[in-house]
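Numbered from 1 within each chain, the chains take letters A, B, ... in sequence-line order.
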Amino acid sequence: MLVLRDMATSSRSFEKVQGLPLESLPKSLEFSEVETRLQQAWEQEKTYQYSETDTRPVYAIDTPPPTVSGSLHVGHIFSYTQTDIIARYQRMNGKNVFYPMGWDDNGLPTERRVQNFFHIRCEASAPYEAGLDLPPILTTMTDKELQEKRIPQRNLSRKNFIEHCHKLTVEDEKQFKKVWSHIGLSVDWKLEYATIDERSRTIAQLSFLDLHEKKEMYQIEAPTLWDTDFQTAVAQAELEDREIPGAFHDIEFQVEGGGSFTIATTRPELLAACVGVTTHPTDERYKNLIGKFAISPLFGVRVPIFGSEMVNPEKGTGILMVCTFGDQTDVQWWREQKLPLRQIIGRDGRLMPFQFETTQANETYAKIVGKNVKQAQKLMVEILQASGAMKTAPKPIQHAVKFYEKGDRPVEILTTRQWFVKLVDKKEKMIEYGSRIKWHPEYMEARYKNWTENLSIDWCISRQRFFGVSIPVWYPLDDQGIIQYDRAMVPTRKQLPVDPMSDLPEGYTEAQRGKPGGFIGESDVFDTWFTSSLTPQLGSHWELNPARHKKLFPMDMRPQAHEIIRTWAFYTIAKAMLHEQSLPWKHIMISGWVLDPDRKKMSKSKGNVVTPSQYLDEFGADSVRYWSGLARTGVDTAFDPGIMKIGRRLAMKIFNAGKFVFSNSADDGVVTEPLDLAFLEKLKAQCAHAVQSFENYEPGQALMETEKFFWSHFTDSYLELVKTRTWGEKTSDAEKKAKASAVHALRLGLKTFLKLFAPFLPYSTEEVWRWAFTGESKSVHLARFPTAQDFEGIPAGDPSVFDAAVAAQTAINQQKTLSKVSIARAITLIKLKAHPDTIKALTPVQSDVCGATKIEKLETVSDSTLSTNLFLVEHVEYGPEVLKNMP
RNA sequence: UGGCUCGUAGCUCAGCUGGUUAGAGCGCUACCUUGACAUGGUAGAGGUCGCAGAUUCGAAUUCUGUCGAGCCAACCA
């Protein structure tokens with residue numbers, strides 16, 4: 001902080017400065033060298049350290065823990081840089097910034113990657129092999145080679161499998177950290193965590209215990225969304241629609257007591273699971289059937305025919321079969337009509353054995369049992385056609401089907417036992433909580449609201465996977481060895497974290513595990529969102545460190561992408577509400593996506609994903625950050641190396657302007673000259689704009705305005721206009737004074753620009769800062785973001801003299817360009833015509849203009865019909881050597 | 001079908017609460033080595049602001065309708 005003397009009475013005096021000889025400064029900005037050197041400096045100096053003890057206000061950021069599977073792509077760089085820009089601004093704004101980095105390393109993406117990487121699979125029954133340490137196989141062999149050579153996968157025990165998950169994620173995290181450091185994230189690496197580490201597991205299980213005590217959680221055996229590849233339950237929020245080809249199949253049903261009708265279905269393989277038939281109650285074609293019973297073909301099952309408003313008479317044949325379960329509506333009909341359950345699809349997506357009432361049915365079913373859905377469908381069509389129940393060929397259609405977002409086959413609905421968090425009954429409260437958070441941009445709240453309003457299923461949090469946080473529950477076994485699900489036993493808080501598969505519930509011994517009268521541990525793990533929804537609490541050490549929690553929670557800002565508003569933002573708000581009736585954060589800043597140059601979303605399957613490292617190497621981190629920082633909050637941005645090029649140009653310009661400013665010496669003195677004062681006045685206003693943009697969570701606006709100001713007012717205008725005053729040694733007192741005014745204004749200007757640009761271009765600004773400004777603070781990143789305070793004690797300037805000087809400079813340059821002469825050529829006489837006000841404004845800065853444009857004699861002509869800030873060249877005379885070259 | 005965004009120069013985008021002649025950068029053209037910078041500088045060409053109405057003294061900006069693009073959700077038998 002600057003210590004300012006009695007400002008009210010005296011203007012601010014600057015100390016004498018010794019210019020740095022140009023030869024002593026680097027010739028050019030070598031990004032990779034600067035980046036490496038400054039990264040080390042920041043680490044050594046602990047520049048970005050969060051302080052647990054100091055009393056400055058905290059600014060806590062709920063950093064998204066990236067999924068650690070594979071490599072970062074340019075979208076990560078884009079959004080994380082935007083967060084870092086805010087973090088750096090807040091740090092310079094005097095906040096004690098809490099900016100952690102977590103790794104989301106548990107869950108399916110990791111499991112899948114580990115399976116491929118080591119060519120292994122988790123097999124619950126496999127015995128544990130202590131010390132097993134397999135080499136990575138994918139680095140030596142491709143997938144195709146593995147298949148060709150028929151190298152079998154190794155089946156590992158759960159414990160061995162998890163060990164290998166840890167092994168790989170640790171390596172991946174190192175790679176990620178390298179890229180994050182390169183891009184210049186001002187993360188405090190002491191706050192690093194992983195969603196699978198011990199503290200995270202403890203806090204996730206604490207969350208479970210709390211919700212369990214509050215009875216906000218229940219366990220039920222019911223139809224749930226199921227992915228047959230991963231063989232786990234999934235949540236509504238993890239579904240996505242995909243358009244795939246399908247076909248309507250017309251199947252004839254008989255009516256009990258005579259008659260028949262034809263239903264249309266896209267899933268004939270579920271005929272065996274048909275438990276009802278429904279049609280619209282007003283449909284003239286079928287309404288007389290309502291109340292009767294139908295007999296399903298081939299399987300001869302007697303099912304009720306009922307009316308339902310949900311049936312669309314336009315669709316298919318207007319009458320349809322209800323199965324357990326083809327889709328979500330089937331579940332609804334099944335519940336409302338209290339239909340029986342005929343579950344035929346198994347957890348692996350194959351048709352399970354099922355006992356039918358008739359021999360014929362059992363014989364038919366025998367042909368499809370054990371087949372997967374696709375095979376069964378094909379066979380069923382053949383059988384139906386042969387039997388005559390299906391007279392027409394399937395009619396192909398294109399339809400949207402629900403998929404688990406990470407899965408390859410449509411989800412099925414299976415009756416399984418799962419744990420749920422009650423959310424459907426809290427929709428209104430969730431919307432109200434959401435409205436109390438400041439969304440940036442504001443309209444993103446609509447997405448949250450929209451999703452919450454449409455939520456129809458409670459949050460299924462149990463997953464039948466391995467690499468995750470265990471659900472901390474044991475179940476007693478009765479004398480027959482039957483699991484007593486309704487008597488679930490939870491651990492004490494002190495026991496956490498627990499793995500119910502190896503740890504014991506209180507009062508039991510290991511010998512009782514799996515024995516009648518004993519107990520059994522829950523083998524399911526949490527949905528990864530169950531842990532991820534606690535990232536603010538993971539950072540604040542909720543329940544483990546109350547003082548820390550109080551200081552950090554609710555956090556100030558959650559940065560995240562818009563496609564996970566329905567999951568991450570939604571669940572995080574839910575958790576904070578359920579646990580503490582609190583908001584998780586005050587602000588949420590939504591970043592857009594990076595689209596490929598054709599404005600298509602980047603995705604691995606399309607093969608249009610851009611990896612960042614080549615661009616970091618080619619343009620430098622600051623240039624890539626410039627591209628990220630320029631984007632408007634929440635708006636999708638096309639990947640464009642052209643913008644990075646411009647960023648690099650800006651970084652170099654700052655570097656070169658710094659060289660110019662620092663090369664000038666000056667005596668001690670005050671800023672007195674009208675041009676200097678006018679420039680600083682304008683700069684002061686620019687600082688206020690920048691602050692406003694940052695406070696609005698629109699840093700891109702600050703960058704755009706600052707850049708424009710820097711380029712047009714500073715380097716193109718002001719720097720040129722003061723050159724004659726700063727060049728060389730001055731002899732007279734007046735000249736020395738005028739020089740000092742310029743040099744000190746230049747230095748204050750440069751210092752201000754470095755601070756304004758520091759959040760965006762941390763490397764180039766820091767590099768220049770360290771040449772001569774370390775007296776104020778060691779790092780520009782710990783300096784105060786500029787405000788009017790930086791200009792205290794400097795007399796107010798008149799901006800109009802600056803505008804007049806620039807206008808005159810432009811008119812003269814234009815004249816020289818039109819005459820096709822060098823800007824450096826001397827003008828012996830020039831007559832400029834302008835509005836009298838403009839001429840008046842030019843007077844105090846006329847000598848600066850003449851110096852910069854090499855004018856020996858300047859005459860002005862008044863013309864009040866002209867608009868202000870416009871000069872017209874009436875007459876110009878160049879020196880004789882110039883005239884020679886004229887056309 | 002509903003909700004939300006977007007549509008401005010060849011390209012990427014600014015344009016806040018309506019107010020002179022609609023801006024910037026890239027690209028393009030011409031010129032200039034000037035003592036921080038040729039990874040530079042000076043200038044030039046280029047737009048009836050998707051379309052149609054309405055409000056207003058005045059609309060790129062507000063309202064209505066419409067067309068197009070994207071996203072989210074509903075429907076998906």
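- Rounded to a whole angstrom, the distance from the P atom of C11(B) to that of C51(B) is 15 Å.
- The residue among Val661(A) and Trp593(A) whose nearest nucleotide of RNA chain B is located toward the 5' end is Val661(A).
- In terms of phosphate contacts, Gln809(A) brings no side-chain nitrogen or oxygen within less than 4.0 Å of OP1 or OP2 of U42(B).
- Atom name C1', nucleotides A30(B) and C4(B): the rounded distance is 47 Å, in whole Å.
- Distance check on atom P: G10(B) versus C28(B) gives 16 Å, rounded to whole Å.
- The residue Asp330(A) sits apart from the nucleic acid: no heavy atom pair falls under 4.0 Å.
- At whole-Å resolution of the value, CD in Glu442(A) and C1' in G3(B) are 17 Å apart.
- Under the salt bridge (charged side-chain N to carboxylate O under 4.0 Å, His left out) criterion, the residue pairs touching residues 619-630 of chain A are Asp84(A)-Arg625(A), with sequence neighbours excluded.
- C26(B) and U62(B) are spaced 33 Å apart, taking the C1' atom of each and rounding to whole Å.
- When heavy atoms are screened at a 4.0 angstrom cut-off, Val311(A) is found touching base atoms of the nucleic acid.
- Between the CD atom of Gln815(A) and the P atom of G44(B) there is a distance of 12 Å, rounded to whole Å.
- Between Phe78(A) and Trp627(A), the ring center distance clears the sub-6.0 Å criterion.
- Under the 6.0 Å cut-off for aromatic ring centres, Phe773(A) and Phe662(A) qualify, their centroids lying closer than that.
- One atom, CZ of Arg649(A), and another, C1' of C26(B), lie 9 Å apart when rounded to the nearest Å.
- Arg648(A) comes within 4.0 angstrom of nothing in the nucleic acid, heavy atoms only.
- Here Lys653(A) reaches the OP1 or OP2 of G41(B): one of its side-chain N or O atoms lies under 4.0 Å away.
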Could you list the donor-acceptor pairs under 3.5 angstrom formed between side-chain atoms of residues 638-650 of chain A and any protein atom two or more places apart in sequence or on another chain?
| unit_1 | atom_1 | unit_2 | atom_2 | d |
| --- | --- | --- | --- | --- |
| Asp640(A) | OD1 | Gly642(A) | N | 2.9 |

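- Closest of all the heavy-atom pairs between Leu754(A) and Thr765(A) is O-CG2, 3.5 Å.
- Rounded to whole Å, the separation between the C1' atoms of G41(B) and A36(B) comes to 13 Å.
- Of the residues in residues 264-277 of chain A, those lying under 4.0 Å from RNA chain B by heavy-atom distance are Ala264(A), Thr265(A), Thr266(A).
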Atom pairs under 3.5 Å, N or O on each side, protein against nucleotides 27-34 of chain B: can you list them with distances?
| unit_1 | atom_1 | unit_2 | atom_2 | d |
| --- | --- | --- | --- | --- |
| A30(B) | O2' | Lys820(A) | NZ | 3.1 |
| C32(B) | O2' | Ser822(A) | OG | 3.2 |

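- When rounded to the nearest whole Å, the span between CZ of Phe248(A) and P of C76(B) equals 10 Å.
- Within 4.0 Å (heavy atoms only), Asp716(A) reaches sugar-phosphate atoms of the nucleic acid but no base atom.
- By the side chain to side chain contact (heavy atoms under 4.5 Å, CB included) test, Ala745(A) pairs with Val671(A), Asp676(A), Leu680(A), Tyr718(A), sequence neighbours left out.
- Computed from coordinates, the Arg447(A) CZ to G2(B) C1' distance equals 15 Å when rounded to whole Å.
- Taking the ring centroids of Tyr697(A) and Trp439(A), they lie at or beyond the 6.0 Å cut-off.
- Per the geometry, NZ belonging to Lys402(A) stands 12 Å off P belonging to C72(B), to the nearest Å.
- Checking Phe655(A) against Met321(A), the closest nucleotide of RNA chain B that is more toward the 5' end is the one next to Phe655(A).
- Contacts of Leu22(A) with the nucleic acid, taken as non-hydrogen atoms under 4.0 Å apart, involve only primed sugar atoms and P, OP1 or OP2.
- Checking Thr828(A) against Tyr878(A) by side-chain atom types alone, no donor-acceptor pair falls below 3.5 Å.
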Report summary line: Writing each nucleotide of RNA chain B 5' to 3' as (, ), [, ], | or . by Watson-Crick or G-U pairing under 3.5 Å yields (((((((..((((.....[...)))).(((((.......))))).....(((((..]....))))))))))))....

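- For the C1' atoms, the distance from A54(B) to G15(B) is 24 Å, rounded to whole Å.
- Here the two rings, on Phe714(A) and Phe753(A), have centers that are under 6.0 Å apart.
- If you check every strand for non-hydrogen atoms under 4.0 Å, Thr278(A) touches nothing.
- Residues passing the ring-ring contact (aromatic ring centres under 6.0 Å, His included) test with His249(A), sequence neighbours excluded: none.
- The side chain to side chain contact (heavy atoms under 4.5 Å, CB included) search around Ser28(A) returns Glu30(A), not counting sequence neighbours.
- Ala772(A) approaches Leu20(A) most closely through the heavy-atom pair CB-CD1, 4.5 Å.
- Proximity of Thr329(A) to the phosphate of C75(B): no side-chain N or O atom is located under 4.0 Å from OP1 or OP2.
- Among the protein residues, Asn450(A) comes within range of the nucleic acid bases, having at least one heavy atom under 4.0 Å from a base atom.
- Between Pro223(A) and Arg335(A), the shortest heavy-atom distance links the atoms CD-NH2, 3.9 Å.
- G25(B) sits 14 Å from A45(B) when the P atoms are compared, rounded to a whole Å.
- Across the C1' atoms, G65(B) and G27(B) are found 38 Å apart, a figure rounded to whole Å.
- Take Thr715(A) and apply the side chain to side chain contact (heavy atoms under 4.5 Å, CB included) test, not counting sequence neighbours, and it matches Lys653(A), Ala657(A), Phe710(A), Trp711(A), Leu719(A).
- Considering only the side chain of Asn656(A), A36(B) comes nearest among A43(B), A74(B), A36(B).
- Among the protein residues, Trp711(A) comes within range of the sugar-phosphate backbone only, with heavy atoms under 4.0 Å from sugar or phosphate atoms but none that close to a base.
- For Arg747(A) and A36(B), the CZ to P distance is 16 Å, given to the nearest whole Å.
- Listed nucleotides: G35(B), G23(B), A74(B). Nearest to the side chain of Lys708(A): G23(B).
- Within the structure, salt bridge (charged side-chain N to carboxylate O under 4.0 Å, His left out) contacts touching residues 694-720 of chain A (residues at least two apart or in different chains) are Glu720(A)-Lys723(A).
- Residues passing the side chain to side chain contact (heavy atoms under 4.5 Å, CB included) test with Thr452(A) are Lys427(A), Met430(A), Ile431(A), Tyr448(A), Phe570(A), sequence neighbours excluded.
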Query raised in the report: Tell me, for nucleotides 6-22 of chain B in 5' to 3' order, what letter each nucleotide earns: B for a base near a protein heavy atom under 4.0 Å, S for only sugar-phosphate near one, - for neither?
Result: ------SSS------B-

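- One finds no salt bridge joining Arg447(A) and Glu563(A) here, because no Lys/Arg side-chain nitrogen approaches an Asp/Glu carboxylate oxygen to under 4.0 Å.
- Atom CD1 of Ile565(A) is separated from atom P of U5(B) by 13 Å (rounded to the nearest Å).
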